[in-house]
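Only one structure is covered here, and it is reproduced in the block below.
Below, chains carry the letters A, B, ... as their sequence lines are ordered, and counting in each starts from 1.
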Amino acid sequence: MTDRLDRDALARRVAADIPDGAYVNLGIGAPTLVADHLPPGSEVILHTENGMLGMGPAPAPGHVDPDLINAGKLAVTELPGAAYFHHADSFGMMRGGHLDLCILGAFQVSQTGDLANWSTGAPDAIPAVGGAMDLAIGAKDVYVMTDLMTKGGESKLVAACTYPLTGVGCVTRVYTDRAVFDVTPEGFAVRELFGTTTLDELRELTGLALTVVVEAATPEES
Amino acid sequence: MTDRLDRDALARRVAADIPDGAYVNLGIGAPTLVADHLPPGSEVILHTENGMLGMGPAPAPGHVDPDLINAGKLAVTELPGAAYFHHADSFGMMRGGHLDLCILGAFQVSQTGDLANWSTGAPDAIPAVGGAMDLAIGAKDVYVMTDLMTKGGESKLVAACTYPLTGVGCVTRVYTDRAVFDVTPEGFAVRELFGTTTLDELRELTGLALTVVVEAATPEES
Amino acid sequence: MIDKTVADLREAVAGIRDGATVMVGGFGRAGQPVELIDALIDAGASELTIVSNNAGGGDVGLARLIAEGRVRKVVCSFPRQSDSWHFDRAYREGRLELELVPQGNLAERIRAAGAGIGAFYSPTAVGTPLAEGKEHREIDGRTYLLEHPIRADVALISGLRADRWGNVVYRRTARNFGPIMATAATTTVVQVDEIVPLGSLDPEAIVTPGIFVDRVVAVGNRRWLRDGEFVGGVDLQGEPLAERLDDPAATSTAGGDR
Amino acid sequence: MIDKTVADLREAVAGIRDGATVMVGGFGRAGQPVELIDALIDAGASELTIVSNNAGGGDVGLARLIAEGRVRKVVCSFPRQSDSWHFDRAYREGRLELELVPQGNLAERIRAAGAGIGAFYSPTAVGTPLAEGKEHREIDGRTYLLEHPIRADVALISGLRADRWGNVVYRRTARNFGPIMATAATTTVVQVDEIVPLGSLDPEAIVTPGIFVDRVVAVGNRRWLRDGEFVGGVDLQGEPLAERLDDPAATSTAGGDR
C-alpha cells in the first residue's frame with residue numbers, strides 16, 4: 001500500500017460520498033474524473049454551467065458534437081432527462097443554492113474554508129476567472145479535490161490563503177491524496193487517512209493543529 | 001356629424017396610428033378594441049403580459065381554451081409565430097423597454113404625463129394594481145385611450161393628478177372621444193379634433209391652456 | 001434512482017405546516033393548481049401566507065382556501081375580480097392582511113429568490129403610493145426602488161407533463177408564474193396531466209428542469225384536451241359548455257387584471 | 001409585413017460603427033457566431049468593446065477580430081485558453097483593456113440590461129480581488145456586491161433556426177449566452193442554419209422571441225448535421241475528422257474555463 005491515493009482512486013473515493021439523486025457540478029480538470037466512478041445504478045445529475053443538466057460521459061470517436069460541450073469545453077453527451085437552458089438561468093440555479101454539491105480544484109484552502117483556485121497572483125499572468133467564484137458561493141456544499149502538497153512541497157491546506165481568493169468560507173470538505181478533511185469551526189478535522197499516512201505526518205506537512213472528526217456519519221450510498 | 005367619437009371609431013383611430021411591425025400591449029377594457037381595427041395586411045404583434053407574443057382574436061364559440069387567455073382573463077387565440085414565456089421574462093420584456101407601445105385606460109392624465117389608472121383612492125376600495133405600473137414605465141410609448149370627461153363631468157386631463165399615480169411622466173399621447181393630445185414639455189398639445197369639437201371647447205372642458213401640435217408627422221401606415 | 005412522482009394528492013401536499021408561506025401558480029384560472037389547493041384544504045394547514053398573482057375567483061381553488069379561513073396574508077398584484085367575493089369579504093372584515101405588489105415586481109422578486117439575488121432596483125412604482133417606505137436610488141439619471149426577494153416554504157404549481165426527474169413542460173399561457181415559483185420555494189410540488197417516461201420530453205423545450213422540483217403528481221387530463229390534443233367544448237373555467245348553456249352566469253367572464 | 005431576414009452577412013452587420021460595444025455569443029466554439037464575426041471584420045469597424053465569455057481561440061472568429069487589431073476592450077470571464085494566443089499577445093503588449101467579470105455576474109448583468117433592472121446585489125466575488133471598488137451591502141446577514149447592467153449597441157448571436165419574425169431556437173449547449181445577449185443590445189443580429197416558415201417553430205419551445213431580434217441571416221447547415229439530424233464526423237471545432245486525422249494538433253482540445 002502506498003502512502004497516497006492516485007487520481008483515479010481519489011476520484012472513486014469522492015464519488016462514493018455523492019448520494020443518489022444529487023445535483024452536482026464537477027469543476028474542470030481532476031474533478032471531472034469523479035463522473036467516471038459514480039456507483040453503478042445511482043443517478044447523480046451533473047450540471048454544467050454552460051447550460052445543461054443531465055450531462056453524460058464523453059462521446060464515442062466520430063460522435064463529437066461541437067454544440068454539446070462541458071465547462072471545460074470538452075465534448076460530452078446528453079442523458080435521457082437532460083435539459084438545456086441559457087447562462088443566466090444556469091448561474092441562477094447555482095447562485096440560488098439549488099446545486100447540492102460542487103467539486104473544485106484548489107491552489108489553497110484555508111482552515112476557515114476560504115478557497116483560492118483562480119489566480120496565483122503572478123504579475124505577468126493573464127487573469128481568468130470563469131465560473132469559479134459563482135460556483136464557490138453557489139452550491140450547498142463545496143468539496144475540493146486536490147493533492148495535499150504542491151509540486152514545490154508546500155501544503156495547500158493553510159492557516160490563511162496567500163493567493164487571491166475565489167470565495168470566503170465556502171469549502172466544506174477537502175479530498176486529498178493523503179486524507180480527507182472537513183472544514184469545521186475549529187479548523188481542519190481529519191475525516192479519513194489514506195494508506196500509511198498518520199495524523200502526525202499531516203500535522204507536520206500542513207503545519208496546522210488538525211483535529212479528528214468524531215461521529216462521522218459518512219453519507220456513503222454505494 | 002356628432003361632436004364625439006364612439007368607442008369603436010376611437011379604437012379605429014388609435015389603430016391607424018400603430019405602425020406595421022410594432023410590438024404592442026393593449027390594456028384591458030376599451031383598449032382591447034384596438035385589436036379589432038388594425039389595418040388589414042399590417043402585422044402588429046400583440047403582447048399579453050401573462051406570457052405571450054403573437055396573440056390573436058377571440059376564439060370561435062366552443063373553441064375556448066382555458067390555458068390561452070389575455071391579461072383581462074378573456075379567451076384569445078394563437079397566431080403563427082406566437083411564443084410563450086413565463087412571467088419574469090414577460091415583464092422583463094416590458095421593463096426592459098422592448099415593447100413599442102402600450103395602450104391603457106385612465107382615470108386621470110396630467111399635463112406632465114403622469115398617469116392615474118389603478119385606484120380612485122376610495123377608502124373602502126379593495127386595492128388591485130396588476131401590471132399597470134409595470135406597463136406604464138415599460139413601453140417606449142404609452143398611449144391612453146379614454147373618454148375626455150368622466151361620467152360626473154370632470155376632465156380626465158388635469159394639471160396634476162389627484163388620484164393615486166400609476167406612473168410618473170410616462171404618457172406620451174392621449175386619444176379621447178373629442179380629440180387627440182400629445183404630452184409635450186409645454187403641457188397638452190392638441191393633435192387632432194374630432195367632429196364639431198373646437199379648441200376653445202377643449203380649453204373650457206379641461207381648464208387647461210392647450211397648445212396645438214405643429215409639424216405633426218403622424219406615422220399613419222394604413 | 002430518482003423518482004419524484006408521488007402516488008396521490010395527499011402525499012403531494014404532506015408536511016405543509018400552519019403558518020407556512022405557500023406560492024400558488026396561475027393567472028386567474030390558467031395554471032392554477034386547483035387539485036393541489038383542494039388537497040391543501042383537506043390537509044388542514046392554516047395561518048398560511050399565500051403568494052399568488054390573484055386571490056382566487058368563484059368558490060374553488062384559492063378562493064375556497066380563503067373561504068375556509070386558512071389564509072392569514074396574501075401577497076399578490078390583483079386580488080379584486082368580479083368573482084373574488086371570498087377574498088373581498090375576508091379583507092373587508094379584517095381577517096386577511098394584503099401586500100399589494102405590482103405584477104412585474106412580484107415576478108422579478110420571485111425570480112430573484114430563486115436566483116440568489118440579494119435585492120434589485122426596479123423602476124416600477126416610482127412616484128406611486130406603492131413606493132412608500134422603499135429605498136429610492138438614482139442610477140444613470142433614473143429613479144429606482146429597492147426590491148427584495150420573495151421566498152416560500154412551498155410552491156404549488158400546475159404543469160402539463162412531467163417525468164420522474166421532475167422536468168416540467170407547461171401549456172400556453174398557463175405557464176405564467178409556475179417556472180419562477182418552482183425556483184423560489186424550499187419544496188416545489190407540481191401537478192400535471194400526465195407523467196411521461198424519462199427522456200420523452202424534448203430537452204430543448206423543458207421549461208422547469210427537475211432540479212427545482214421535489215414532488216410531481218398526476219391529476220388526469222384537462223377536460224379540453226383529448227390525448228393531448230385541444231378539443232375545446234369548455235368555458236373559461238374549464239367546465240363543459242353543454243352543462244351550462246342554460247346558466248346565464250356561464251357567459252360572464254372573469255374580471256380584468258389591471 | 002414583418003421580415004427580419006436579411007439577404008447576406010454584409011447586410012447583417014451593416015452600421016456597426018467604430019467604438020461600438022458588441023456582444024458576441026458563444027462559450028468557446030459552441031454558439032460563437034463565426035460567420036457574423038468574419039463579416040464584421042470585413043466591414044471594417046474598429047476600436048470595439050467586445051462583451052463575450054471568452055476572448056477567442058485559434059485564428060478564427062473572435063480571435064481573428066483581436067488579431068486584426070479591431071478590439072479596444074474585452075469584457076469577459078475567461079480570456080485565457082490554450083489557444084488564445086491572439087488575445088494573450090494583445091493584452092501583454094497593452095493594446096487591449098480587460099474587464100474581468102465572474103461568469104455568473106456577467107450573465108446576470110447582461111440579463112439585467114435586457115430586463116430593465118437598474119442594478120442588483122450579487123453574492124459572487126465577495127472577499128475577492130474582483131470585489132474591489134464595488135459597493136458592499138449586508139442583506140439578511142449575507143454580504144453582496146452591487147452589480148450594474150451591461151448593455152451593447154449590437155449583439156451577434158448564433159442560433160439553429162429562425163422565422164421571419166425573428167423567433168429563434170438554439171441547439172444544445174450552443175444556447176449559452178445567446179438568449180440573454182439578444183435582450184441587451186440595441187440591435188440584435190442572429191445567424192442561423194436555416195430560416196423556416198412562420199408558424200413552424202413550436203411556440204412552447206421558442207427560446208428567443210422575435211421582439212428581441214432585429215436581423216436574421218441564414219448561413220447554411222452546421223457540418224455535423226444533415227437535414228437537421230446529428231451525423232457527427234467532426235472535431236470540437238466542427239472541422240471534418242477525416243481531413244485532420246494526420247494533424248496531431250487536431251486531437252488537442254481547447255483549454256478549460258475556470
Side-chain angles (χ1 to χ4, degrees), chain A residues 27-29 32 48-52 55 59-76 78 82 84-92 94-95 104-105 114 116-119 121 124-138 164-169, chain D residues 27-31 53 76-81 84 87-88 91-92 98 100-108 110-111 122-130 143 160 170-180 207 222-224 230 232-238 241 253-258:
Chain A
I28 59 168
T32 59
T48 183
E49 60 262 38
N50 52 317
M52 180 186 198
M55 180 172 69
H63 288 76
V64 166
D65 183 344
D67 292 333
L68 183 51
I69 61 174
N70 65 13
K73 304 201 181 81
L74 302 177
V76 293
E78 168 193 297
Y84 298 103
F85 31 83
H86 62 57
H87 249 82
D89 281 350
S90 183
F91 280 79
M94 190 182 292
R95 197 190 305 107
L104 298 174
D114 293 354
N117 79 344
W118 72 284
S119 166
D124 65 331
I126 291 175
V129 65
M133 291 183 181
D134 309 275
L135 282 167
I137 59 91
L165 291 190
T166 306
V168 175
Chain D
F27 181 92
R29 174 66 182 76
N53 188 61
C76 77
S77 86
F78 207 89
R80 191 184 60 220
Q81 309 183 167
S84 61
F87 173 85
D88 296 5
Y91 179 77
R92 289 220 158 91
L98 171 65
L100 194 70
V101 184
Q103 199 169 136
N105 283 355
L106 182 66
E108 189 70 10
I110 293 169
R111 179 196 176 270
S122 168
T124 298
V126 170
T128 79
L130 299 188
T143 306
L160 177 66
Y170 302 83
R171 186 165 177 275
R172 299 187 148 177
T173 58
R175 183 185 302 196
N176 57 67
F177 280 88
I180 48 176
V207 175
R222 277 153 228 241
R223 229 190 286 253
W224 48 97
F230 178 72
V234 298
D235 67 13
L236 265 173
Q237 306 309 313
L241 280 182
T253 52
D257 198 17
R258 202 169 293 143

Checklist entry - Among A/D134, A/V168, A/L165, A/D89, which residue forms the greatest number of heavy-atom pairs with chain D at distances under 4.5 Å? => result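 Most pairs with chain D among the choices: A/D134.
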
Region of [X] that comes under 4.5 Å of a non-hydrogen atom in chain D:
X	value
A/Y84	both
A/N70	backbone
A/S90	neither

Shortest non-hydrogen contact from [X] to [Y]?
X	Y	value
A/I69	D/T173	N-OG1, 3.0 Å
D/Y91	A/P127	OH-CD, 3.7 Å
A/G131	D/Q103	N-NE2, 3.4 Å
A/A88	D/I180	CB-CG2, 3.7 Å
A/M133	D/T128	CE-OG1, 3.4 Å

Of the backbone (N, CA, C, O) and the side chain (C-beta and beyond), which part of [X] lies under 4.5 Å from a heavy atom of chain A, both, or neither?
X	result
D/L98	side chain
D/V126	backbone
D/V207	neither

Checklist entry - Does D/R29 have any salt bridge (Lys or Arg N to Asp or Glu O under 4.0 Å) partners at least two apart in sequence or in another chain, and if so, which? => result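 Result, salt bridge (Lys or Arg N to Asp or Glu O under 4.0 Å) vs D/R29: none returned.
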
Checklist entry - Does A/D67 have any salt bridge (Lys or Arg N to Asp or Glu O under 4.0 Å) partners at least two apart in sequence or in another chain, and if so, which? => result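 For A/D67, the residues satisfying salt bridge (Lys or Arg N to Asp or Glu O under 4.0 Å) (neighbours in sequence not counted) are D/R171, D/R222.
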
Close side-chain approach of [X] to [Y], heavy-atom, < 4.5 Å:
X	Y	value
D/F87	A/I126	yes
A/L68	D/W224	no
D/L236	A/K73	no

Checklist entry - When the ring centroid of D/Y170 is compared with that of A/H86, is the distance short of 6.0 Å? => result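 D/Y170 vs A/H86: aromatic centres not under 6.0 Å.
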
Checklist entry - What option among D/I110, D/L130, D/T143 has the most heavy-atom pairs under 4.5 Å with chain A? => result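 Of the options given, most contacts go to D/L130.
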
Next on the checklist: Does the plane of the ring in A/H63 sit parallel, tilted or perpendicular to the ring in D/F230? Use 30° and 60° as the thresholds.
Outcome noted: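 Tilted, since the angle between the ring planes falls between 30° and 60°.
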
